[in-house]
Amino acid sequence: MFNDTFIQACYGKPTPRIPVWFMRQAGRSLPGYRELRKKYDVLTLTQTPELAAQVSLEPIQRLGVDAAILFADIMLLPIAMGKEVKVVDNVGPIVDDPITSSEDIQKLRPFEPDNAVYLQQTVKLLRRELQVPLIGFSAAPFTLASYLIEGQPTRTWLKTKRFMFEQPEAWAQLMGVLSEAIIAYLSMQITAGVQAVQIFDSWVGCLAPSDYRTFVLPHVQKIFLALKGEGVPRIHFGTNTGAMLRDFSNVDCEVIGVDWRIDVAQAKMLIGNKAIQGNLDPAVLLASQETINSKFDELLSGLPSRDGFIANLGHGVLPETSDKKLTTLVEHIHGK
Ligand code: CP3
């Protein structure tokens, strides 16, 4: 029987048990994935439908989570737009010719579904197998722009901020081009069969709230509005967004994802009627099972209601996490 507790919770409806999934569940903490990685690099895995589907299915079978996430990466979109991207082990995405000017932005191709046929095939394979909903995703324009401008992962985002402040018109142009591409990319995933979408603005919390409002929010609002008619729940996720959460939530979506730097009770107050997803610190999974379970209980007791709550971490599963602890946590959550 199809388990739709995750979808019901996205719409704020009561569910027989609390749905749970984990960001980055289809990956580095799982033994089957690690075996596959001995033979294939990450981009090959994401671009080979049979293998990508196998990776997405592993956490469903092994952990018993209530939703699957497409095995893909946020950098597949810029690749489809013509950028050369390598994924380097233990570093992350490296972009050739990082963007420095308006001329560089003009070289980006609009996204065409024909340039990501493999993703459509992965979605179709997964829908045949799954008895839980499949989540599609994209990065938000700020997070994507940060990789395209920096050329590599950063923890200061100085090139990105400098570009934004020094070249506000080119910045708006880049946000516009990326937003159009994100809308087309997510629409393609929905047409192929994903049953929910999550937009990851993983790094936007590095901005001042007023700069978020000026340089980012209008573009994100446009993306969510464009996806409104698609009939699937839309999740807006970011980290470090506590100080801008009211603005961050001011988009037309069903679910807000938050990290552990804010109490769920306070987050819930700021986001209003929308459902909430989160927010255990992924580092909690490194502790004993007793501590993990009691940290979850603490989280749950802070929530005014269980309706509209999707249990998750506040960011991705850490590579050193034991899959047994994840499985036991899922059982614990389902027993609540
Ligand atoms: O973690 C997040 O903030 C979520 C958004 C995000 C993804 N990829 C989604 C993703 C971000 C910011 C990235 C960039 C990226 N891509 C990084 C992080 C670099 C940095 O700045 O810290 C890395 C290491 C990659 C490359 C990559 N993507 C690898 C090595 C893998 C495989 C498995 C893993 O988890 O290490 C991915 C897969 C990936 N990236 C998924 C998602 C949602 C699919 C797996 C899943 O969600 O279950």
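Whatever order the structure lists them in is the order used to number ligands and atoms, beginning at 1.
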Exercise. Any side-chain heavy atom of T160 sitting closer than 4.5 Å to one from F163?
Worked result: no

Problem set entry | Shortest protein heavy-atom distance from atom 36 (O) of ligand 1, along with the residue and atom involved | R28 CD, 2.8 Å

Seminar exercise, completed: Among S202, P319, A139, the residue with a heavy atom nearest to atom 5 (C) of ligand 1 is S202

Problem set entry | Proximity winner for atom 20 (C) of ligand 1, if only heavy atoms of F237, Y33, Y147, F200 are counted | Y147

Exercise. Is the gap between the ring centers of F71 and Y33 under 6.0 Å?
Worked result: yes

Seminar exercise, completed: Within 4.0 Å of some non-hydrogen atom of I69, the atoms of ligand 1 are 46 (C), 47 (O), 48 (O)

Exercise. Applying the 4.5 Å side-chain criterion to the ILVMFWY set and letting contacts propagate, would W260 and I292 be lumped into a single cluster?
Worked result: no

Problem set entry | Presence of salt bridge, D89 and R37, under 4.0 angstrom | yes

Seminar exercise, completed: Honestly, for F22 the part within reach of ligand 1 (heavy atoms, under 4.0 Å) is neither

Problem set entry | salt bridge (charged side-chain N to carboxylate O under 4.0 Å, His left out) partner of D252, chosen from R234, K274, K222 | R234

Problem set entry | Closest protein heavy atom (residue, atom, distance) for atom 24 (C) of ligand 1 | G92 CA, 3.8 Å

Exercise. For atom 6 (C) of ligand 1, what's the nearest protein heavy atom and its distance?
Worked result: I74 CG2, 3.7 Å

Problem set entry | Within-shell test, P93 vs ligand 1, heavy atom, strictly < 4.0 Å | yes

Exercise. With a cut-off of 4.0 Å, which atoms of ligand 1 are near a heavy atom of Q25?
Worked result: 46 (C), 48 (O)

For this session: State yes or no: do I135 and V251 share one hydrophobic cluster built from I, L, V, M, F, W and Y residues joined by side-chain heavy-atom distances below 4.5 Å, directly or via other members?
Result: yes

For this session: Provide, to 0.1 Å, the distance between atom 43 (C) of ligand 1 and the closest protein heavy atom, together with that atom's residue and name.
Result: F137 CZ, 3.4 Å

For this session: Note the single closest protein heavy atom to atom 2 (C) of ligand 1, along with its residue, its atom name and the distance in Å.
Result: H315 NE2, 3.1 Å

Exercise. Quick one: does D73 get an N or O within less than 3.5 Å of an N or O on ligand 1?
Worked result: yes

Exercise. Which residue supplies the protein heavy atom nearest to atom 31 (C) of ligand 1, what is that atom called, and how far is it?
Worked result: V42 CG1, 3.8 Å

Exercise. Would you say the side chain of D97 lies within less than 4.5 Å of the side chain of K83, judging by non-hydrogen atoms?
Worked result: yes

Exercise. Looking at ligand 1, does R155 have a heavy atom less than 4.0 Å from it?
Worked result: yes

For this session: Determine whether any heavy atom of M75 lies closer than 4.0 Å to an atom of ligand 1.
Result: no

For this session: Determine, using the 4.5 Å side-chain heavy-atom cutoff (strictly less than), whether I94 and L77 are members of one ILVMFWY cluster.
Result: no

For this session: May I ask which of G27, A72, S29 has a heavy atom nearer to atom 38 (C) of ligand 1 than the others do?
Result: A72

Exercise. Considering only heavy atoms of V87, which atoms of ligand 1 have at least one such atom less than 4.0 Å away?
Worked result: 26 (C)

Exercise. Would you call F200 and T143 a side-chain contact if the rule is heavy atoms closer than 4.5 Å?
Worked result: no

For this session: Can you sort out the partners of K336 under salt bridge (Lys or Arg N to Asp or Glu O under 4.0 Å), two or more places apart, ordered by chain and number?
Result: D297

Exercise. How about H315 and S202: do any of their side-chain heavy atoms sit closer than 4.5 Å?
Worked result: yes

Exercise. Nearest protein heavy atom to atom 35 (O) of ligand 1, by residue and atom, and its distance?
Worked result: R24 NE, 2.8 Å

Exercise. Is a donor on one side and an acceptor on the other found under 3.5 Å between the side chain of D307 and the backbone of G12?
Worked result: no

Seminar exercise, completed: If you scan protein heavy atoms around atom 48 (O) of ligand 1, the nearest is A26 N, 2.5 Å

